[in-house]
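Down below is the structure, laid out as structure tokens.
Note that the numbering runs from 1 along the sequence shown for the chain.
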Amino acid sequence: MGIPAIGLGTFRLQGQTVIDSVRNALEVGYRAIDTAQIYGNEADIGQAIAESGVARNDLYLTTKIWTDNLAGDALIPSLKDSLQRLRTDRVDLTLIHWPSPGQAVPLAETLQALAEARAQGLTGAIGISNFTIALSREARALAGADAIATNQVEISPYLQNARLAAYARESGLHLTSYMTLAYGKVLGEPVLNDIARAHGATPAQVALAWALQLGYAVIPSSTRRENLAGNLKAQDLRLTADDMARIATLDRGERQADPDGLAPAWD
């Protein structure tokens, strides 16, 4: 199963909030859920899935290995802990959440452990997140270009990541866009609102449809059932070439996720 075009993001959602979000998402039709060890919500998500009655084989689960667990002897035990919290014997995709700060753990070591996790059946696919062009190149050279299922990076109308996007297009590297709505900041954007009116859509649907039409997977999060359902409908929205060109002009390099000590030297 390839990476679904749209999934549920769960960053910053914990406890009953994330349980409700996952439950509502599954009820309105989501079948992909994205989490991470550092989010502290894997157990809540495991509970919500278990209570949903949706068969495990119908779901696509992604988690991300935190930087503390990138060493060869730590990665698989940490992933097994994640699986226990998620109440499953495997995830469908495991990502390196951030490049090892200061390259403390060699990328080759982490990728070897990930390949071993895949060989053991603990994960269906492996990938990277927040990787620059140079790091993406290195990962693909080490693991094999086809072995890296995606690079999950911040992409929104306000941060279009043009250089990385061009590299991905040319090299065939799949991208997953996170924070596609820039924490909701793009929802007030006049251009998106204008396009939304023309299509009888919402600004959120326009931003998500824009990313989908560029070939990215998207993982928007929401705690409101109507927004969850609305976001899912972005898959049915077809933007015109003119719409896409107008959105292309909104890029202002405005990054939401740039944590000190973690962020690499962005392209």
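Counting non-hydrogen atoms of other residues, nucleotides and ligands closer than 6.0 Å to CD of Glu27 gives a total above 12. Within 6.0 Å of the CD atom in Gln112, the count of heavy atoms belonging to other residues, nucleotides or ligands does not exceed 12. Around the CZ atom of Arg163, the shell of radius 6.0 Å holds no more than 12 heavy atoms that belong to other residues, nucleotides or ligands.
A salt bridge does not link Asp44 to Arg85: none of the charged side-chain nitrogens sits closer than 4.0 Å to a carboxylate oxygen.
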Would Arg118 and Thr123 count as a side-chain hydrogen bond (donor to acceptor under 3.5 Å, both in side chains) here? Give the steps.
CA-CA 5 Å; Arg118 190 181 55 206; Thr123 185; over 6 Å; no

Could you check Ser177 against Glu154 for side-chain hydrogen bond (donor to acceptor under 3.5 Å, both in side chains), going step by step and ending with a plain yes or no?
CA-CA 6 Å; Ser177 156; Glu154 183 182 347; over 6 Å; no

Show every donor-acceptor pair shorter than 3.5 Å between a side-chain atom in residues 137-149 and any protein atom, with sequence neighbours excluded, or say none if there are none.
| unit_1 | atom_1 | unit_2 | atom_2 | d |
| --- | --- | --- | --- | --- |
| Arg140 | NH1 | Ser171 | O | 3.4 |
| Arg140 | NH1 | Ser171 | OG | 3.1 |
| Arg140 | NH2 | Ser171 | O | 3.2 |

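When all heavy atoms are compared, the tightest approach of Ala211 to Val218 is CB-CG1, 3.6 Å. Nearest heavy-atom pair across Ser222 and Leu228 is O-CD2, 3.7 Å. Pro4 and Ala32 get closest at one heavy-atom pair: CG-CB, 3.7 Å. The two residues His97 and Asn130 come nearest to each other via the heavy atoms O-ND2, 2.9 Å. Closest approach of Ala182 and Ser156 over heavy atoms only: CB-OG, 4.0 Å. Listed here is the closest heavy atom pair of Pro157 and Ile247: CB-CG2, 4.1 Å.
The closest side-chain heavy-atom distance from Arg197 to Asp194 is below 4.5 Å. Side chains of Asn151 and Leu95 form no contact here, defined as non-hydrogen atoms less than 4.5 Å apart. Side chains of Leu208 and Leu181 form a contact here, defined as non-hydrogen atoms less than 4.5 Å apart. Residues Leu122 and Ile76 are in side-chain contact: their nearest non-hydrogen atoms beyond the backbone lie under 4.5 Å apart. Two residues are said to be in side-chain contact when any heavy atoms from C-beta on lie closer than 4.5 Å; Ser136 and Tyr167 meet this criterion. For the pair Leu192/Leu250, a side-chain contact is recorded, criterion being any heavy-atom separation below 4.5 Å from C-beta on.
In this structure, Leu83 CG and Lys80 NZ are separated by 9.0 Å, a value rounded to the nearest 0.5 Å. In this structure, the separation between OG on Ser78 and CG on Asn69 is 3.5 Å, given to the nearest 0.5 Å. A distance of 7.0 Å separates CD1 in Ile195 from OG1 in Thr240, rounded to the nearest 0.5 Å. Asp92 contributes atom CG, which lies 7.0 Å from atom OG1 of Thr62 (distance to the nearest 0.5 angstrom). Atom-to-atom distance recorded for Leu164:CG and Leu173:CG is 7.5 Å, nearest 0.5 angstrom. To the nearest 0.5 angstrom, Thr176 atom OG1 is 4.5 Å from Ile3 atom CD1.
At a cut-off of 3.5 Å, with distance as the only test, no side-chain donor of Asp81 or Gln37 sits close to an acceptor on the other residue. Under 3.5 Å, the side chains of Tyr158 and Gln256 contain no donor-acceptor pair of N or O atoms.
Although no hydrogens or angles enter the test, the distance criterion places a donor-acceptor pair under 3.5 Å between the side chain of Glu189 and the main chain of Val191. Formation of a donor-acceptor pair under 3.5 Å by the Glu109 side chain with backbone atoms of Ala71 is not found in this model. In this structure a side-chain-to-backbone donor-acceptor pair under 3.5 Å is missing from Arg31 to Tyr60. Formation of a donor-acceptor pair under 3.5 Å by the Gln205 side chain with backbone atoms of Thr202 is found in this model. At least one donor-acceptor pair under 3.5 Å links the side chain of Lys64 to the backbone N or O of Thr35. Arg169 contributes no side-chain N or O that, together with a main-chain N or O of Gly172, makes up a donor-acceptor pair within less than 3.5 Å. Side-chain atoms of Asn193 come within 3.5 Å of backbone N or O of Leu187 as a donor-acceptor pair. Glu51 places no side-chain N or O within donor-acceptor distance of the main-chain N or O of Gly46, the cut-off being under 3.5 Å.
Applying the salt bridge (charged side-chain N to carboxylate O under 4.0 Å, His left out) criterion to Arg252, with sequence neighbours excluded, gives Glu254. With sequence neighbours excluded, the residues that form a side-chain contact (heavy atoms from CB on, under 4.5 Å) with Ser100 are Leu70, Ala104, Val105.
Trp98 belongs to a hydrophobic cluster whose remaining members, ordered by chain and number, are Phe11, Ile38, Tyr39, Trp66, Tyr178, Met179, Tyr183, Ile219, Leu262, Trp266; membership requires side-chain heavy atoms of ILVMFWY residues under 4.5 Å apart, directly or through intermediates.
Pairs passing the side-chain hydrogen bond (donor to acceptor under 3.5 Å, both in side chains) check and including a residue from residues 226-239, sequence neighbours excluded, read Arg224-Glu226. Applying the side-chain hydrogen bond (donor to acceptor under 3.5 Å, both in side chains) test to pairs two or more places apart or on separate chains, those with a residue in residues 15-26 are Gln16-Asp20, Asp20-Arg23, Asn24-Arg225.
Transitive grouping of hydrophobic side chains (ILVMFWY, heavy atoms separated by less than 4.5 Å) keeps Leu159 and Tyr216 in distinct clusters.
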